[in-house]
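Presented below is the structure to which this report refers.
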Amino acid sequence: MATNRTFTMIKPDAVENGHIGGILNMITEAGFKIVSLKLTQLTVADAQKFYSVHSERPFFGELVEFMTRGPIVAAILEKDNAVEAFRTLIGATNPADAAEGTIRKKYAKSIGENAVHGSDSDENAAIESAFHFAGREQF
Ligand code: ATP
Ligand code: MG
């Protein structure tokens, strides 16, 4: 995948609280094109694999439970320098540290339930995108 694409999820907390539209609006207003989009739900195995880098952390069980408790929105986004630009738009992991104007500042409640995911590298963006979307679903 080219470096102008990233992968995101609107997490279960934000879906439950009716923020799909608000978050997608912030994403498009920031100049990202939506390349792929779907409502789906992670299985426990999916979430364990997705966050396997954190498997030894004390919050891992809580994280997997949270990410699987309801539907998520999965999307592929396109913009120049997409991975870094999107991490800037979502803000710090802990919403208490997130800058004004970021998605997590507006919609996240806590470090655990923080509304959105953004890929942390081009390599992971490609892996995460391919996990959720077939080629014919990427526009
Ligand atoms: P994401 O990968 O979801 O985009 P991130 O890259 O900002 O988030 P990571 O360090 O990758 O942050 O952590 C992954 C997720 O694990 C966080 O988004 C959050 O939901 C959860 N998490 C991270 N640190 C903590 C913590 N100290 N306590 C509880 N949950 C945490
Ligand atoms: Mg991360």
Side-chain angles (χ1 to χ4, degrees):
M1 181 176 288
T3 59
N4 62 348
R5 289 189 174 189
T6 191
F7 173 79
T8 186
M9 293 185 285
I10 301 176
K11 296 185 179 182
D13 58 327
V15 174
E16 286 159 11
N17 292 322
H19 298 317
I20 294 173
I23 290 171
L24 289 178
N25 192 49
M26 285 183 76
I27 289 170
T28 50
E29 287 288 313
F32 289 87
K33 177 189 159 195
I34 295 173
V35 172
S36 302
L37 184 68
K38 76 167 94 171
L39 194 65
T40 184
Q41 185 162 1
L42 299 180
T43 66
V44 168
D46 292 338
Q48 286 172 337
K49 187 172 152 204
F50 195 91
Y51 284 114
S52 59
V53 64
H54 298 305
S55 62
E56 302 303 317
R57 308 283 288 276
F59 57 82
F60 186 64
E62 187 185 321
L63 174 60
V64 170
E65 193 174 333
F66 162 56
M67 288 301 298
T68 58
R69 79 176 183 213
I72 56 134
V73 173
I76 302 174
L77 306 175
E78 191 171 282
K79 189 184 181 177
D80 285 350
N81 196 24
V83 166
E84 193 184 337
F86 192 68
R87 294 291 303 198
T88 301
L89 178 64
I90 67 178
T93 306
N94 187 344
D97 302 327
E100 284 300 332
T102 62
I103 293 173
R104 282 171 169 164
K105 179 72 177 184
K106 186 160 185 190
Y107 292 113
K109 294 283 187 297
S110 67
I111 191 169
E113 302 201 4
N114 58 9
V116 280
H117 161 76
S119 301
D120 59 13
S121 66
D122 291 338
E123 186 190 4
N124 283 335
I127 293 168
E128 294 167 6
S129 296
F131 179 79
H132 284 281
F133 297 102
R136 62 189 287 271
E137 297 175 305
Q138 301 184 24
F139 293 94

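Both backbone and side-chain heavy atoms feed into the values below; hydrogens, waters and symmetry mates do not. As the structure lists them, so they are numbered: ligands from 1, and atoms in each ligand from 1.
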**Request:** Give a yes/no on ligand 1: does I111 have at least one heavy atom closer than 4.0 angstrom to it?
**Result:** yes
**Message:** Looking only at distances, can you tell me whether any N or O atom of R104, backbone or side chain, sits closer than 3.5 Å to an N or O atom of ligand 1?
**Reply:** yes
**Asked** Looking only at N/O atoms, are T93 and ligand 1 under 3.5 Å apart anywhere?
**Response** yes
**Close N or O approach (F59, ligand 1; < 3.5 Å)** = no
**Parallel, tilted or perpendicular: ring planes of H117 versus F7, cut at 30 and 60 degrees** = tilted
**Prompt:** Does at least one non-hydrogen atom of R87 fall below 4.0 angstrom from an atom of ligand 1?
**Reply:** yes
**Request:** Kindly indicate whether the side chain of V116, heavy atoms from C-beta on, has any atom under 4.5 Å from the side chain of L89.
**Result:** no
**Message:** Can you report which non-hydrogen protein atom sits closest to atom 20 (O) of ligand 1, along with the distance?
**Reply:** G112 O, 2.9 Å
**Message:** At under 4.0 Å between heavy atoms, is it the side chain or the backbone of M9 that contacts ligand 1, or both, or neither?
**Reply:** neither
**Message:** Any non-hydrogen side-chain atom of F133 less than 4.5 Å from a side-chain atom of K38?
**Reply:** yes
**Nearest candidate to atom 17 (C) of ligand 1, where distance is taken over non-hydrogen atoms, out of N124, N94, N114, V116** = N114
**Cationic tip of K79 above F86 ring, under 6.0 Å, 45° of axis** = no
**Asked** Among pairs that include at least one residue of residues 14-37, which meet side chain to side chain donor-acceptor pair (under 3.5 Å), considering only residues two or more places apart or in two chains?
**Response** E16-R69
**Prompt:** Got L24 and L37 here, is their nearest side-chain heavy-atom distance under 4.5 Å?
**Reply:** yes
**Request:** Report the relative orientation of the aromatic rings in F59 and H54; use parallel for angles under 30°, tilted for 30 to 60°, perpendicular for over 60°.
**Result:** tilted
**Complete:** Quick note on ligand 1: atoms under 4.0 Å from a heavy atom of L63 include exactly 15 (C), 16 (O), 20 (O), 21 (C)
**Request:** Please identify which atoms of ligand 1 are closer than 4.0 Å to at least one heavy atom of G118.
**Result:** 4 (O)
**Asked** Any idea which protein heavy atom is nearest atom 1 (P) of ligand 1, and the distance to it?
**Response** H117 ND1, 3.2 Å
**Asked** Closer than 4.0 angstrom: is that true for some heavy atom of M67 and an atom of ligand 1?
**Response** no
**Prompt:** Does at least one non-hydrogen atom of F66 fall below 4.0 angstrom from an atom of ligand 1?
**Reply:** no
**Message:** If the condition is side-chain hydrogen bond (donor to acceptor under 3.5 Å, both in side chains), which residues does Q48 pass it with, not counting sequence neighbours?
**Reply:** none
**Request:** Show which atoms of ligand 1 fall inside a sub-4.0 Å distance from at least one heavy-atom site of H54.
**Result:** 9 (P), 10 (O), 11 (O), 13 (O), 14 (C)
**Asked** Side-chain contact, heavy-atom cut-off 4.5 Å: I27 with I103?
**Response** yes
**Message:** Pairs of nitrogen or oxygen atoms closer than 3.5 Å, one from E62 and one from ligand 1: do any exist?
**Reply:** no
**Where V15 and V73 come nearest, the two heavy atoms and their spacing** = CG2-N, 4.2 Å
